[in-house]
Protein chains: 2
Amino acid sequence: MSQRITIHDIARELNLTTATVSRALNDHPRISTETKQLVQEKARQLKYRRNKLASSLRSGKSHTIGVIIPSAQMNFFGSVVHGIENTASSNGYSIILYQSEETTSLEKKAIETFLSARVDGILASIAKETVDYTHYVELRKRNIPLVFFDRTNEELQVPSVVIDDYRGAFLATEHLIKNGYARIAHVAGPQHIKGFRDRLSGYKDALLANNRTIVNEYIYQGNVSLESGKEAADYFLNLTAPPDAVFAVEDFTALGVIKCMKERNVKIPEDFGIIGFANENFDEHITPALSSVDQQTVQMGKEAFNLLMEIIKANDGKARVKDDTKIVLDPVLFFRESSTGKSN
Amino acid sequence: MSQRITIHDIARELNLTTATVSRALNDHPRISTETKQLVQEKARQLKYRRNKLASSLRSGKSHTIGVIIPSAQMNFFGSVVHGIENTASSNGYSIILYQSEETTSLEKKAIETFLSARVDGILASIAKETVDYTHYVELRKRNIPLVFFDRTNEELQVPSVVIDDYRGAFLATEHLIKNGYARIAHVAGPQHIKGFRDRLSGYKDALLANNRTIVNEYIYQGNVSLESGKEAADYFLNLTAPPDAVFAVEDFTALGVIKCMKERNVKIPEDFGIIGFANENFDEHITPALSSVDQQTVQMGKEAFNLLMEIIKANDGKARVKDDTKIVLDPVLFFRESSTGKSN
DNA sequence: GTGAAAGCGCTAACAC
DNA sequence: GTGTTAGCGCTTTCAC
C-alpha cells in the first residue's frame, strides 16, 4: 500500500536494466546525461522514492548517525542536538536520538540499537552514572566512528568536542577583577568532573595572573544547584572578611547566591558582583540580570558532527583521524547587570 | 570489519538452517525450546547482532518512527521529545529526529527522508510557516500512520494530542478572580493560531462564569514576546480604569508585564496579580515567582507515541483508528507568588 | 519442529 | 555507457 514503485518499474518502462537506473539515480559518472535525465524524469513521474533500507543493506552505508544524550529535557543538550541535526540534515544524514537518562544501562542499549541499525557513526555525551566504559571501548575496537561531546573521558582516547572551561573561568574571574571587585570567591562543583575542576583552575590562575592571592576560605565546595549557591552565599557572608564577588560554577548556583544576597540585603552589583556559567535562558530575565559564560552549544553540535564526518570519511579511505583529536571551543562571555562593578 | 556474524554463522555451527535460527531468535512458537536455547546461547557466544536493515527490508517493519519538531532548542519541544523517546525506547522503537526550523520546505524534506527510511509512523508538530498541507495529506492517502502533537490542524482530520488551552486559560483566570483581583486583563496571542484563540475564549468564559463583564479594552493583542508584554502593561496602566491583574498568553509575555510593572513601581502581587502560560523554567526563579499553566509536555510525548502505536497496530490488523481521535491533556496550574492575592 | 527456496530493493563487480 | 549476475542478511511461504 504505502510504497510499491521500485527501480524495476523505472527500468521496465524505459527499457533499461535496474543497474543503469540505479547508476543514473546516483549520478554515476559513466552514465550518459541523456539517460540520467530520462531516468530522473521517469522517477519523478512515477513518484519513485529510493528504499533506503535496501540501499544501505547493499552498500554498507546507512547515512544515519546515532546520538546519545543524557536527556532532551535539559536545555543544554536540546541545544546541542539542534546543532547536530541541522548540520547532519544539510549533509544528507539522519540522526537517531537516544537518551541515557544518565544511566549506563540505557547507554549500552542505545549502542546496541545503533549497531543493529548499522549507523555510520556515533555521537555521545557520557552519562553521569557511567564509570565502566567497556561499551565505548568496544566501539573503538570495532572501528566504529565515535565522537564525544561535552561529557568526555580523557583516558579513552576518543576524539571529542568540548568548550574551554578553564578559559571561560579565567575570563569570568578576570572580568570581576577588572570591574573593581577586590575579594573574589568561587562556588565550585564536584571535583571528579573535569569541567568543574578546570573551572576552579581557571579561577585560581586568573587571580594569580592578576597578582591576587588565592584564599582557601573563598572556595566553597558545592554540588551544582540552587541550594548550594544559597549555602555558599551564607557561608561567605559569615566570614570575618567576606568576599565582594563570586564566580559561580554554573547559573543555578549563581541564582542561589543572588537569592541569598537579596534576602540579606546585599546590593548587586554595587556591593557584590556575580557571574555564572552556562548562559541559561533565565539569565537575562532575572533581577539583576546575570552575567554568564556561554557554552556555545549549537556550535558544539555542529563541530561534533563535522568531526564525526571526517572520521567516517577517513575510515572509508583507510586513513585515520588521530584518536586524541580534541576540538576546544572558545566560550563567549555575556556581561550583564550582576557584575557591572562596585560603587565607591 | 565492524560486524560480520550473521545467522548463517550460527546456523552452520549448530547444523541448522538460517530459517530455523531466524525463528528461534524471534521466539517463534513452533520452534522447540531446546533449539531456541541452543541458538540464543550460540548467538550470545558469537556476539551476534541482528542486522536491522535486512530484517526491516524483508519484513516491512522498521520499528522506527520519524519525529518532526520545529526546533530542539525550544524548551517545550525538547521536553516533548524526552517523553516520546522514553516511551518509544521502552517499546522497542527508535526515533529519527528532524527539525523543521518552522519552514515548510524542511518539513517536506523530513517526510521524504522518513518515507525513504520506511518508518512505521510519523509524529509531527506543524511548522509556523506551513499553510499548504499537501505533504501531510499525502501521508494520509498512503495510509502512513501519522499523529500530530501540540501544533495541529483541525481540518486535516489527523489524530492528535494537545493540551486543553481553553481549560488552562479558564482556570488561570478564575484563580485570579478567587484571589481577589477585580479587573482582570488579558494579553492575547495571534488569533489565527488555535491555541491562542482558545486561551482568549477560556479567559472570557471564566469572567462570565464568575459574573464579571468582558471589557474590550482589557484585551490587548500581543505577539507572544517579552516586548509585547511590556507594551501591553504600558497600555493597561494608561487606561483611565486600569486593570489590577493580567492573564498573559504565555510566560515571556508575562515576564514583560512584570518588568514594566517593576519599572513603574506597581507592586506584585499586592497591587497587581499576574499568571502566565507554559511553566518555563525561569518562572520559579524570577522575582516575584511567576504563576503559570503547565503544558504537560512529557506526558504529551508519551501519549502521542502511544496513540501512534495504536494506529500502527490497527493498520496491521486492517482495522482503523478514527481520524478524529483527539487526546486532550489537562493542564496543571502552578501557583506562585505573582498571583497570591491583593492586599487590602 | 525444521528445511528448501525465494525474494525484499538495491548496488557492485565484472563484462563488453 | 550499459547489461549480466550476484548477493547484502534477513524473513517467509510452502513443504514434510
Side-chain angles (χ1 to χ4, degrees), chain A residues 1-40 42-43 46-64 92 113 115-120 316, chain B residues 1-40 42-43 46-64 92 113 115-120 316:
Chain A
M1 176 70 71
S2 52
Q3 179 67 37
R4 353 194 102 275
I5 293 116
T6 72
I7 49 173
H8 285 94
D9 301 312
I10 300 178
R12 190 173 356 88
E13 297 221 7
L14 257 35
N15 260 319
L16 291 169
T17 65
T18 58
T20 308
V21 172
S22 172
R23 290 188 189 109
L25 290 171
N26 288 312
D27 207 24
H28 188 111
R30 283 197 311 206
I31 296 290
S32 71
T33 328
E34 213 178 359
T35 311
K36 279 182 189 168
Q37 284 183 342
L38 268 173
V39 170
Q40 272 147 16
K42 182 59 77 181
L46 296 179
K47 292 193 180 177
Y48 165 78
R49 200 163 282 131
R50 168 205 259 90
N51 185 326
K52 217 181 159 193
L53 296 174
S55 112
S56 299
L57 176 59
R58 184 61 240 253
S59 70
K61 321 232 118 295
S62 63
H63 284 264
T64 297
T113 309
L115 290 176
S116 227
R118 298 300 192 266
V119 296
D120 290 347
D316 289 351
Chain B
M1 176 72 67
S2 51
Q3 179 66 36
R4 352 197 100 277
I5 294 117
T6 72
I7 50 174
H8 286 95
D9 301 312
I10 300 178
R12 193 177 347 96
E13 297 220 9
L14 255 36
N15 260 319
L16 290 169
T17 66
T18 59
T20 308
V21 173
S22 172
R23 290 190 188 105
L25 290 171
N26 289 314
D27 207 24
H28 187 110
R30 285 197 310 208
I31 295 290
S32 70
T33 327
E34 212 178 359
T35 311
K36 279 182 190 169
Q37 285 183 342
L38 270 175
V39 169
Q40 272 148 18
K42 182 58 80 181
L46 296 179
K47 292 193 180 175
Y48 167 77
R49 199 164 283 133
R50 172 209 254 81
N51 185 326
K52 217 182 161 195
L53 296 174
S55 106
S56 300
L57 176 60
R58 184 61 240 255
S59 70
K61 322 232 119 295
S62 63
H63 284 263
T64 298
T113 309
L115 291 176
S116 225
R118 297 301 192 268
V119 296
D120 290 347
D316 288 351

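We name chains A, B, ... by the order of the sequence lines, and we start the count at 1 in each one.
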Contact under 4.0 Å: A:Ser55 side-chain N or O vs C:dC10 OP1/OP2: no
Can you check the B:Asn15 CG to C:dG1 C1' distance for me, whole Å? 16 Å
Atom pair distance, as rounded to whole Å: CD1 in A:Ile31 and P in D:dG1: 8 Å
Comparing nearest nucleotides in DNA chain C, the 5'-proximal residue of the pair A:Leu25, B:Pro29 is B:Pro29
Grab the CD1-C1' distance between B:Ile10 and D:dC10 for me, whole Å please. 12 Å
What is the separation between atom CZ on B:Arg4 and atom P on D:dC10, rounded to the nearest whole Å? 13 Å
Report the distance from atom OG1 of B:Thr20 to atom CG of B:Leu25, rounding to the nearest 0.5 Å. 10.5 Å
Taking only side-chain nitrogens and oxygens of B:Arg50, does any of them come within less than 4.0 Å of OP1 or OP2 of D:dT11? yes
Any B:Thr20 side-chain N or O less than 4.0 Å from OP1/OP2 of C:dT2: no
Identify which nucleotide among D:dT4, D:dT11, D:dT12 has an atom closest to any side-chain atom of B:Arg23, counting heavy atoms from C-beta outward. D:dT12
Side-chain N or O of B:Ser56 closer than 4.0 Å to phosphate OP1/OP2 of D:dC10: no
Among C:dG9, D:dC10, C:dA13, the nucleotide that comes nearest once only the side chain of A:Arg58 is considered: C:dG9
I want to check one thing: is the phosphate of D:dC10, taken as OP1 and OP2, less than 4.0 Å away from some side-chain N or O of B:Thr18? no
Which nucleotide in the list C:dT2, D:dC8, D:dT11 gets nearest to the side chain of A:Leu57? D:dC8
Between C:dC10 (P) and A:Lys61 (NZ): distance, integer Å: 19 Å
Among B:Leu57, B:Asp120, B:Leu53, which residue meets the side chain to side chain contact (heavy atoms under 4.5 Å, CB included) test with B:Ser62? B:Asp120
Does a nitrogen or oxygen in the side chain of A:Asn51 sit under 4.0 Å from OP1 or OP2 of C:dC8? no
Nearest-angstrom distance from the residue atom NE2 of B:His8 to P of D:dG9: 9 Å
Side-chain contact test, heavy atoms from C-beta onward, threshold under 4.5 Å: evaluate it for A:His28 versus A:Thr35 and give yes or no. no
Nucleotide of C:dT11, D:dG3, D:dG9 approaching A:Ser59 most closely (side-chain heavy atoms): C:dT11
Atom CG of A:Leu14 to atom P of D:dT2: distance rounded to whole Å? 11 Å
Taking the minimum atom-to-atom distance to the side chain of B:Leu16, which one of D:dT4, C:dG3, D:dC10 wins? C:dG3
First locate atom CZ of A:Arg4, then atom NZ of A:Lys47, and finally report the distance between them rounded to the nearest 0.5 Å. 15.5 Å
Of all heavy-atom pairs between B:Ala11 and B:Thr17, which one has the smallest distance, and what is that distance? CB-C, 3.8 Å
Which of A:Ile31, A:Thr18, A:Leu16 passes side chain to side chain contact (heavy atoms under 4.5 Å, CB included) with A:Arg23? It is A:Ile31
Of the candidate nucleotides C:dT11, D:dG1, D:dG9, which contains the atom at the shortest distance from the side chain of A:Arg30? D:dG1
If only side-chain N and O atoms of A:Ser32 are considered, is one of them under 4.0 Å from the OP1 or OP2 phosphate oxygen of D:dT2? yes
Atom NE2 of B:His28 and atom C1' of D:dT12 are separated, to the nearest Å, by 10 Å
Using a cut-off of 4.0 Å on non-hydrogen atoms, how would the nucleic acid contact of A:Asp9 be classed: base, sugar-phosphate, or nothing? nothing
Minimum-distance nucleotide to A:Thr6 side chain [options: C:dT2, C:dC10, D:dT11]: C:dC10
